Undergrad: 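Please see the structure below; I have some questions.
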Amino acid sequence: MKEQVAELLGQAVDQLKAKGTIPGDHPVRIMVDNTRDKTHGDLASNLALTLAKPCGQKPRDLAEAIIESLPDNTLISKVEIAGPGFINFFLASDSVAEIVGDILEQGYDFGRNTSGQGEKVQVEFVSANPTGPLHVGHGRGAAVGDSLCRVMDANGWNVTREFYYNDAGAQINNLALSVQARVKGLTPDDPSWPEDGYRGEYIIDVANSYKAKDTIDADDQHVTGSGDPDDLEAIRHFAVAYLRREQDLDLKAFGVEFDVFFLESSLYTEGKVEATVQQLIDNGHTYEKDGALWLKTTEFGDDKDRVMRKKDGNYTYFLPDVAYHKDKFERGFKRVINEQGADHHSTVTRVRAGLQALNEGIPEGYPDYVLHQMVLVTKGGEEVKLSKRAGSYVTLRDLIDEVGRDATRYFLVSRRADSQLTFDIDLARSQSNDNPVYYIQYAHARICAVLGKASQDDLDNITTSGVAALGELELDDERELVTQLRRYPEVVQHAGQTLEPAVIATYLKELASIFHGYYNNHRILVDDPSVMMGRLALSAAIRQVLANGLDLLGVGAPEQM
RNA sequence: GCGCCCGUAGCUCAACCGGAUAGAGCACUCGCCUUCUAAGCGAGUGGUUGCAGGUUCAAGUCCUGCCGGGCGCGCCA
């Protein structure tokens, strides 16, 4: 709709350029905005304001000229000049109502677009190391990352969900030692407990399962415990598989699944780390100092150079990261988005610098990052810091068990990633109007209930006589509802462009709010068949958009509550 | 000290590429269930958008400097 109005304005500009009112060589950027105030019509353009100066005219005079040059059309019913020189467009009722027909016809596809043109995009998120249960921060990553994937998919991208983890480093060794200690019956208080060992109670479960020679099937790990307390290697494999499985179960309970699990160890075994190092050396971006090998990241915007190979011959963490992203690029992902906690933001510059130093034509801003800030969990007004199972942090499982999947996902995805989030457990679990999740779901369930009362015959005719009757809908709130529905595709697009799935949540809250108001003021199943059919069509369209939007958030759309 | 993010109503948050009178919910006050789900609706109260400059016809939004909070500044990951 915006595009169509912009198109009309474009034609008016061309005409005025031909007349000389607008300088022919002046670049014109046409902006059409939704209006905030309905007295300003449906859409507005600031075109006359931006062109006033180069044209040497008063904005309102120029607006007048632009309006006179607008081609004839059926889209717009009225145009006004307002304020300092805005051009306000009032859309014709018919063209507005059309959107309802579109929604009913397109169903699940309404709001989706093809702007991604089927290009491959990889979204890496969660990427927790298998050293313990997932915590709230991972939960935020999972909620934001998965929703982002859904949004990218809705914008026509071919999305791959990827989970990367370290299965072989010092931390994993530490994990193995901790499990081994538990297998041997030691406790964290014991003097011979491994230094910096993992102290959480979950380690006991891993140890017991290992001793019982259980078989573990995670998404990407399949191991049977040997039970041998002295076989550290066997313990390591088992512990990784065990915790991976636990994470998988949490993620499944959260409604999040991955296409690819990528092991850091494979970068070593397949020689990709070595190859990356060699390439960096060959390109002359490295030097030896103090027995270590350094990468000149300062050549690419870093504030100091970074060690890539330590004195002891091991690599620092960011080198495999560079090798990993080189691999992503070589796998054909021209676009990659990494969703991570903001506590790792210092890696952004390093990884990008490393990729530039490879000199392989990888674009400068590659990869994209979405960094989420910390999550603070509160209950009863107090900060919650500990969980029994993990010991030192609140687990994702705790939240899912306590407040439910939908509410947890909603709360974690509904705020912009770059601001800190307070997760109020009491609010999230309250089944009341305080809780936006239920507020939105309730709107969906209510419509389902109403449609359930309508006759099958009427429902069958909803797309024909229902849509045809939309002209009868003259109420302000009906008009407002249709306007909100019309904006949905823009919101999906906006979420995709800014990589901010949270805007979907905001939109749905607004749509639900307008609907609840409408529902309370007007009956849908009224005697007048024409009015009823129109309202049924409108309601069905709202239900569809609510369902589509909730789906992008990974939150369910219940038919009854 | 340096870098990144944030600062909007008492609280939690909105505000589309810079647009017109900064919006919701909670809390507080008062109303609405014999009618499709009251997990709902309506009305009222509540603001120098942290502070000070600058750019612009127009700034919560962009720029600079402060103040406050978070995170990061390792040959840890």
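All chains are named by letter (A, B, ...) in the order of the sequence lines, taking the proteins before the strands, and each is independently numbered beginning at 1. Just so it is clear, the structure is predicted and the values come from calculations on it, not from any experiment.
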Undergrad: Using the glycosidic torsion, which applies to B:rC16: syn (within 90° of 0) or anti (everything else)?
TA: anti
Undergrad: Which nucleotide in the set B:rA15, B:rC75, B:rG40 lies at the smallest distance from any side-chain heavy atom of A:Val503?
TA: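 The nucleotide sitting nearest to the side chain is B:rA15.
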Undergrad: With sequence neighbours excluded, what pairs up with A:Tyr410 under the ring pair (Phe, Tyr, Trp, His ring centres under 6.0 Å) test?
TA: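 Applying ring pair (Phe, Tyr, Trp, His ring centres under 6.0 Å) to A:Tyr410 gives none.
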Undergrad: Would you call the rings of A:Phe515 and A:Tyr519 parallel, tilted or perpendicular, taking 30° and 60° as the class edges?
TA: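 Ring orientation, 0 to 90° scale: tilted.
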Undergrad: Can you run through RNA chain B from 5' to 3' and write each base as (, ), [, ], | or . depending on how it pairs? Watson-Crick or G-U wobble, both distances under 3.5 Å.
TA: (((((((..((((.....[...)))).(((((.......))))).....(((((..]....))))))))))))....
Undergrad: Is any side-chain heavy atom of A:Val273 closer than 4.5 Å to one of A:Tyr315?
TA: yes
Undergrad: Does a side-chain N or O from A:Arg36 land closer than 4.0 Å to OP1 or OP2 of B:rU21, or not?
TA: no
Undergrad: Testing the 3.5 Å rule here: is there a donor-acceptor pair between the side chains of A:Glu264 and A:Tyr324?
TA: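 No pair is found: no donor N or O on one side chain lies under 3.5 Å from an acceptor on the other.
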Undergrad: Would you check if there is a donor-acceptor pair between the side chains of A:Asp528 and A:Ser530 at a distance under 3.5 Å?
TA: no
Undergrad: With sequence neighbours excluded, what pairs up with A:Tyr366 under the ring pair (Phe, Tyr, Trp, His ring centres under 6.0 Å) test?
TA: A:Phe329
Undergrad: Counting only side-chain nitrogens and oxygens, does A:Lys2 get under 4.0 Å of the OP1 or OP2 atom of B:rC16?
TA: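 So the side-chain polar atoms of A:Lys2 never come under 4.0 Å of the phosphate oxygens OP1 or OP2 of B:rC16.
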Undergrad: Within the pair A:Tyr439 and B:rC41, is there a side-chain N or O less than 4.0 Å away from OP1 or OP2?
TA: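 So the side-chain polar atoms of A:Tyr439 do come within 4.0 Å of the phosphate oxygens OP1 or OP2 of B:rC41, strictly under.
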Undergrad: Just to confirm, is there a sub-4.0 Å distance from OP1 or OP2 of B:rC71 to any side-chain nitrogen or oxygen of A:His372?
TA: no
Undergrad: Within the structure shown, what part of the strands sits under 4.0 Å from A:Asn46 by heavy-atom distance: base, sugar-phosphate, or nothing?
TA: base
Undergrad: Tell me whether the side-chain N/O atoms of A:Tyr442 come closer than 4.0 Å to OP1 or OP2 in B:rA39.
TA: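 Looking at the OP1 and OP2 atoms of B:rA39, one of them is under 4.0 Å from a side-chain N or O of A:Tyr442.
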Undergrad: For a quick test of reading the model, state the closest non-hydrogen atom pair linking A:Leu280 to A:Met308 and the distance between them.
TA: CD1-CE, 3.8 Å
Undergrad: Return no unless some side-chain N or O of A:Lys453 is found under 4.0 Å from OP1 or OP2 of B:rU37.
TA: yes
Undergrad: Do any side-chain atoms of residues 56-63 of chain A form donor-acceptor pairs under 3.5 angstrom with protein atoms, and if so which ones, sequence neighbours left out?
TA:
residue, atom, partner, partner atom, Å
A:Arg60, NH1, A:Gly83, O, 2.5

Undergrad: Measure across A:Pro130 and A:Leu243 and return the closest heavy-atom pair with its distance rounded to 0.1 Å.
TA: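 Heavy atoms of A:Pro130 and A:Leu243 come nearest at O-CD1, 3.2 Å.
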Undergrad: Can you list the steps and then say if A:His345 with A:Tyr369 is a ring-ring contact (aromatic ring centres under 6.0 Å, His included)?
TA: CA-CA 9 Å; A:His345 78 254; A:Tyr369 281 86; over 10 Å; no
Undergrad: Which value, in whole Å, describes the distance between the P atoms of nucleotides B:rC16 and B:rA52?
TA: 24 Å
Undergrad: What are the atom names and distances for every N/O pair under 3.5 Å that joins the protein to nucleotides 30-35 of chain B?
TA:
residue, atom, partner, partner atom, Å
B:rU35, O2', A:Arg523, NH1, 2.5

Undergrad: Please say whether the positively charged group of A:Arg352, taken as NZ for Lys or CZ for Arg, lies over the ring of A:Phe300, i.e. under 6.0 angstrom from the six-membered ring centre and within 45 degrees of the axis.
TA: no
Undergrad: Check this one for me: any side-chain N or O of A:Arg446 less than 4.0 Å away from OP1 or OP2 of B:rA39?
TA: no
Undergrad: Is A:Gln420 touching bases, backbone alone, or none of the nucleic acid, heavy atoms closer than 4.0 Å?
TA: base
Undergrad: Kindly give the atom pairs (protein nitrogen or oxygen, nucleotide nitrogen or oxygen) under 3.5 Å for nucleotides 43-47 of chain B.
TA:
none

Undergrad: Any idea which of B:rA77, B:rA39, B:rU37 is nearest the A:Lys310 side chain?
TA: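 The nucleotide sitting nearest to the side chain is B:rA77.
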Undergrad: Looking only at side-chain atoms of A:Gln373, point me to the closest of B:rC17, B:rA39, B:rG70.
TA: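 The answer is B:rG70.
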